[in-house]
Number of protein chains: 2
Amino acid sequence: MKKAVSTRLSILQKSFELIYTHGYQATSIDTIIATTNVTKGAFFYHFKNKDEMGLAVINEIMYPLMYADFVKPLLNSDDPANDIFKMMHYLLLENEFLLKKYGCPAGNLTQEMSPVNQQFSEALSKLTTELKEAMQIALKKGKDSGRIRPDINEEQVALFVLSGYWGIRNFGKLSEDNNYYVVYLKELKSYLNNLEKKEF
Amino acid sequence: MKKAVSTRLSILQKSFELIYTHGYQATSIDTIIATTNVTKGAFFYHFKNKDEMGLAVINEIMYPLMYADFVKPLLNSDDPANDIFKMMHYLLLENEFLLKKYGCPAGNLTQEMSPVNQQFSEALSKLTTELKEAMQIALKKGKDSGRIRPDINEEQVALFVLSGYWGIRNFGKLSEDNNYYVVYLKELKSYLNNLEKKEF
DNA sequence: CATAAAAGATACCGATTAGTATTCTTTACA
DNA sequence: TGTAAAGAATACTAATCGGTATCTTTTATG
């Protein structure tokens, strides 16, 4: 029961990378098994079809990754405006897996698959909602502690910030350099600053 | 020379709709010719391959549409904060062609094709840059007339707003109703308000 | 009207797609 | 250690893909 698990996981891991860089529909099963050295028999032993594998990528690879790297830190934040900015700065300019050229894995998959496949839509919605709610909780805590202005609406802000992130990742694809990201981050900083109480 | 032009145009028009609703790579030439009642011979008479057709869709359908509906109004705006909001409100809640489920045509195509095809990337970049610069010009005019705060950075704001739009269109795909759009627009209004001089 | 070019129709091609059927090998455990 | 089930390998299928070759029809112009 050890080898089998690692086979399954290597399929998911490699598929995640291929889907991220090439899109879901453009990633063929033949490509996956070729780049993982897994045979078709093994692939279809672990997944009854391609979509089941795609859903497993969301639930077993993308979700845990996002939870550990972003949801958890947000839930522990005492300085939301600053921590949100740091997170975005990290995602856009520092993270070495998320290449500018390829955008955001969750954003890409949402755009491609949510109109086509209801199950994908639900899985991605869960992922996204969790991140948004974590951000809302962080903002609420910031309100309670007095750092954040009491008149802001957490849900509005969370949605606004996450939308901006997905959008700028799309802009990023159009440029060779990081200039879009740098300009975006400046305005994000100004926007987030404005959420904080002046006396802070 | 009349029928031929209309054949070509009907290919482009139908392709645009199919690409918008199904994605570029998922739209096959066979599907296009089936839904347009154009034969393969006619298709390949007008376009030497699929990508040439795709580029024509961007340049001859999407670009003029965007220019007339958004660039031009922005260039004529004397009240940028208000006009940008109205434009977004129209795009998200009123326009009947842009269905929530399918996102933004330019955003979709950018996400799918810019990592894959340099020519697509350039054509889309031109489209996007033009819109962004129109917004910057409108904001600059607003600054000059005193409506807009002199300390804001037009490029930052334009990029921030357009990113938000692309992002929220992606969010929209995940929900059945318009709630995401409504929440987003509230925060956008507050953000845009903050760009205006207080005495106004 | 003749004719050449423009425009369109039809049949086909090799490659690739997701998925299946069948067989072989490894592993767990009595 | 024997055996059944888990896991993996191989060979195949029908459908679809973008594109081509070849042929027919329409249109513009002398």
Side-chain angles (χ1 to χ4, degrees), chain A residues 1-58 60 108-109 112-113 115-120 123, chain B residues 1-58 60 108-109 112-113 115-120 123:
Chain A
M1 197 77 95
K2 194 87 168 297
K3 176 84 182 312
V5 168
S6 98
T7 300
R8 185 190 153 90
L9 210 71
S10 84
I11 291 174
L12 291 178
Q13 187 61 47
K14 200 66 187 176
S15 295
F16 170 52
E17 292 176 28
L18 288 169
I19 291 168
Y20 171 47
T21 53
H22 296 86
Y24 177 79
Q25 294 170 102
T27 300
S28 73
I29 295 172
D30 284 344
T31 303
I32 294 170
I33 64 177
T35 57
T36 44
N37 292 320
V38 161
T39 61
K40 202 162 255 196
F43 182 96
F44 280 98
Y45 172 78
H46 287 286
F47 308 100
K48 83 170 204 284
N49 55 38
K50 190 188 175 186
D51 283 359
E52 190 179 287
M53 182 275 297
L55 285 170
V57 167
I58 300 176
E60 298 173 38
N108 292 354
L109 207 48
E112 181 184 4
M113 295 305 292
V116 177
N117 186 308
Q118 177 67 21
Q119 290 182 290
F120 275 62
Chain B
M1 200 73 96
K2 194 89 169 296
K3 176 85 183 310
V5 167
S6 99
T7 300
R8 184 191 153 93
L9 211 69
S10 84
I11 292 174
L12 290 179
Q13 187 60 48
K14 201 66 187 175
S15 294
F16 171 53
E17 292 176 28
L18 288 169
I19 291 168
Y20 172 47
T21 54
H22 296 86
Y24 177 79
Q25 293 170 101
T27 299
S28 73
I29 295 172
D30 286 345
T31 303
I32 294 169
I33 65 177
T35 58
T36 43
N37 292 321
V38 162
T39 60
K40 201 163 256 197
F43 183 95
F44 280 99
Y45 172 77
H46 287 286
F47 308 100
K48 82 172 206 283
N49 54 38
K50 191 187 175 187
D51 283 359
E52 189 179 288
M53 183 276 297
L55 286 170
V57 167
I58 300 177
E60 297 173 37
N108 292 355
L109 207 47
E112 181 185 3
M113 295 305 293
V116 176
N117 186 308
Q118 177 68 21
Q119 290 182 289
F120 275 63

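Letters A, B, ... mirror the listed sequences (proteins, then strands); counts begin at 1. Only this structure's heavy atoms are used, side chains among them; waters, hydrogens and symmetry mates stay out. Computed from a predicted structure; not experimentally measured.
Residue A/K48 contributes atom NZ, which lies 15 Å from atom C1' of C/dT20 at whole-angstrom precision. For the pair B/N49 CG and D/dC17 C1', the interatomic distance rounds to 14 Å; values are reported in whole Å. The distance from atom CD of A/Q25 to atom P of D/dC17 is 12 Å, rounded to the nearest whole Å. When the P atom of D/dC17 is taken as reference, atom CG of B/D51 falls 16 Å away, rounded to whole Å. Regarding A/F47, its CZ atom lies at a distance of 16 Å from the P atom of C/dT20, rounded to whole Å. With rounding to whole Å, B/I29 atom CD1 is found 19 Å from C/dC13 atom P. Per the geometry, CD1 belonging to B/I33 stands 10 Å off P belonging to C/dA9, to the nearest Å.
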Between A/F47 and A/I11, does the side-chain contact (heavy atoms from CB on, under 4.5 Å) criterion hold? Intermediate values first, please.
CA-CA 10 Å; A/F47 308 100; A/I11 291 174; 3.7 Å; yes

Please step through side-chain contact (heavy atoms from CB on, under 4.5 Å) for the pair A/L109 and A/Y20, ending with a clear verdict.
CA-CA 8 Å; A/L109 207 48; A/Y20 171 47; over 6 Å; no

Pair A/R8-A/E60, side-chain contact (heavy atoms from CB on, under 4.5 Å): steps then yes or no:
CA-CA 11 Å; A/R8 185 190 153 90; A/E60 298 173 38; 2.6 Å; yes

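In this structure, A/I58 CD1 and A/Q119 CD are separated by 10.0 Å, a value rounded to the nearest 0.5 Å. Between atom CG of residue A/N117 and atom CD of residue A/E112 there is a gap of 10.5 Å, rounded to the nearest 0.5 Å.
A heavy atom lying under 4.0 Å from DNA chain D marks the following residues of residues 37-46 of chain B, by number: B/K40, B/F44.
Among the protein residues, A/D30 comes within range of the nucleic acid bases, having at least one heavy atom under 4.0 Å from a base atom. No engagement by A/T31 is indicated, since no non-hydrogen atom pair under 4.0 Å with the nucleic acid exists.
Looking only at side-chain heavy atoms (C-beta outward), A/K50 and A/Y24 come within less than 4.5 Å of each other.
Residues passing the salt bridge (Lys or Arg N to Asp or Glu O under 4.0 Å) test with A/K40, sequence neighbours excluded: A/D30.
In this structure, A/S28 reaches the C/dT17 phosphate: one of its side-chain N or O atoms is under 4.0 Å from OP1 or OP2. Contact annotation: B/T7 side-chain N/O to C/dG8 OP1/OP2 distance is under 4.0 Å.
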